[in-house]
Structure formats: C-alpha cells, structure tokens
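Read the structure below first, then the notes.
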Amino acid sequence: MLRMLPEAREITLRALEWLKGILPQYQEEIASFANFPSLFMALINDAHDLEHYDGTWRIVDSDGRIVADQLDPLNYQEFIEEKTENWTYLKSPFYKPLGEKEGVYRVGPLARLLVSERCGTPEGIASAKRCWRPMARCVPVPSSIITHGS
C-alpha cells in the first residue's frame, strides 16, 4: 500500500487543480447550493493544527470568528445537545449556548480547514492559503459545495 502513495498523491493534486479551474464557472450554483450560515466544529491540537483523533474542539462561525475554543470532547454533554424532529429519524445536534436555531453546526473536511490554522503538510498548508480560504472569501463560506475541494 505504501508503494501506491506517490501515485495517490499525484492523482489528488491533479484533481484539486482541476477543481480549482472549474469552480469559477459555477459561481451561481456555489452561491445557492446548500448555502446557509452555520457554525463549523472540528478537532484541533494545542498548536491549532488540524487534528483527526486527539485534541479539543473549536467552533467558528461562517465568518471565521471563534465562537468556542478548547472544548473537551469528553465533556460534550455540557455544550452539545440533540433535538429530535417528528419528520426524521435523525437527530439535530446544536451548540447549547446558542440554542437550536443559532447553534446549528457542520463538521467534515471544510469545517476542519476553517477551524484550524494549519493542516500538517506543506501541500495542505499551501493549498488552504492559495485556494480554499481565498475561495471562501470570494463565495460564501457556508456553501457546502466548497466541501468537495476541502
């Protein structure tokens, strides 16, 4: 499997370049597809780098402002609550201090990039600075389509 890493890296970099090239053609779709303000939550480490396993939670708003920082995931009941809706089997989690409406948050690749200051590899850091953060300023950050390039 390790032998395949260089090829996988090249494929990934090629796909990212392709995506960056076509996104400007779809500004209207980006502006309207699953575009709503929300919070973003992800793990970061002590240096505020992207983290996948250990670390603490950081929550930022759609403008990138830190709403909460260094939240201990072991104490999630103190700041995360779930609501059930009669129209779905899913639960709707939210950040308790802001309530059901304002406390809606998203997680995933875009959230990880938006809450962290660095993402660990030279290519990842350069890509985030060059593409996704500036792209987020060009189009609304809340557009879920940006997740595909994260």
Side-chain angles (χ1 to χ4, degrees), residues 1-82 88-96 98 103-150:
M1 190 177 285
L2 288 175
R3 286 191 334 250
M4 299 167 65
L5 285 177
E7 180 183 8
R9 181 179 175 274
E10 287 304 313
I11 292 169
T12 301
L13 292 174
R14 202 168 50 242
L16 285 172
E17 286 303 313
W18 173 80
L19 183 63
K20 287 187 302 189
I22 66 162
L23 279 178
Q25 300 171 40
Y26 297 98
Q27 293 301 307
E28 186 177 330
E29 291 83 357
I30 290 169
S32 62
F33 176 74
N35 185 356
F36 57 93
S38 72
L39 302 175
F40 295 90
M41 181 172 71
L43 287 171
I44 57 169
N45 64 21
D46 291 337
H48 306 143
D49 294 341
L50 181 139
E51 180 61 62
H52 289 94
Y53 184 75
D54 288 320
T56 58
W57 280 336
R58 173 181 277 177
I59 300 173
V60 301
D61 66 14
S62 294
D63 293 321
R65 289 184 296 257
I66 297 173
V67 174
D69 207 6
Q70 298 179 339
L71 299 173
D72 184 350
L74 295 176
N75 300 326
Y76 75 93
Q77 304 93 335
E78 295 174 14
F79 50 86
I80 299 297
E81 192 169 319
E82 293 179 335
T88 181
Y89 290 106
L90 299 176
K91 297 207 177 180
S92 301
F94 59 92
Y95 179 56
K96 245 191 239 191
L98 295 182
V104 172
Y105 64 89
R106 293 186 251 181
V107 297
L110 180 60
R112 288 184 194 112
L113 287 180
L114 292 174
V115 305
S116 63
E117 294 175 14
R118 289 168 297 282
C119 48
T121 66
E123 291 91 351
I125 293 166
S127 180
K129 285 182 182 172
R130 180 179 69 245
C131 180
W132 307 122
R133 289 184 195 260
M135 177 65 72
R137 284 192 284 275
C138 298
V139 299
V141 169
S143 180
S144 293
I145 204 163
I146 299 299
T147 297
H148 299 290
S150 300

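Note that the numbering runs from 1 along the sequence shown for the chain. Worth saying up front: this structure is predicted, and the values here are computed from it rather than measured.
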Per-pair distances, 0.1 Å, donor-acceptor, side chain in residues 69-79, under 3.5 Å, sequence neighbours excluded:
unit_1 : atom_1 : unit_2 : atom_2 : d
Asp69  : OD1    : Arg58  : NE     : 3.0
Asp69  : OD2    : Arg58  : NH2    : 3.1
Asp72  : OD1    : Leu74  : N      : 2.9

### Query
What pairs with Arg3 under side chain to side chain contact (heavy atoms under 4.5 Å, CB included), at least two apart in sequence or on another chain?
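Residues passing side chain to side chain contact (heavy atoms under 4.5 Å, CB included) with Arg3: none at all.
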
### Task
Sequence neighbours left out, what passes side-chain hydrogen bond (donor to acceptor under 3.5 Å, both in side chains) with Arg14? Give chain and number order.
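Listed in chain order: nothing, the list is empty.
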
### Message
Within a 6.0 Å radius of atom CD on Gln25, are there more than 12 heavy atoms belonging to other residues, nucleotides or ligands?
### Response
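Result for CD/Gln25: enclosed.
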
Output the distance between atom [atom1] ([X]) and atom [atom2] ([Y]), rounded to the nearest 0.5 Å.
X: Ile22; Y: Glu17; atom1: CD1; atom2: CD; answer: 12.5 Å
X: Tyr105; Y: Phe40; atom1: OH; atom2: CZ; answer: 13.5 Å
X: Tyr95; Y: Ile80; atom1: OH; atom2: CD1; answer: 8.0 Å
X: Glu7; Y: Glu10; atom1: CD; atom2: CD; answer: 9.5 Å
X: Leu114; Y: Asp63; atom1: CG; atom2: CG; answer: 11.0 Å

### Message
For Glu82, give me all partners under salt bridge (Lys or Arg N to Asp or Glu O under 4.0 Å), at least two apart in sequence or on another chain.
### Response
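For Glu82, the residues satisfying salt bridge (Lys or Arg N to Asp or Glu O under 4.0 Å) (neighbours in sequence not counted) are Lys91.
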
Show me the donor-acceptor pairs within less than 3.5 Å that the side chains of residues 42-49 make with the rest of the protein, sequence neighbours left out.
unit_1 : atom_1 : unit_2 : atom_2 : d
Asn45  : OD1    : Ala47  : N      : 2.9
Asn45  : OD1    : His48  : N      : 3.1
Asn45  : OD1    : Asp49  : N      : 2.9
His48  : ND1    : Glu117 : OE2    : 3.2
Asp49  : OD1    : Arg118 : NE     : 2.7
Asp49  : OD1    : Arg118 : NH2    : 3.1

### Query
Looking only at heavy atoms, what is the nearest atom pair of Val67 and Asp61, with distance?
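Here Val67 and Asp61 meet closest at CG2-N, 3.8 Å.
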
### Residue pair Ser62 / Pro37: nearest heavy atoms and the distance that separates them
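Reported closest heavy-atom pair: OG-CA, 3.4 Å.
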
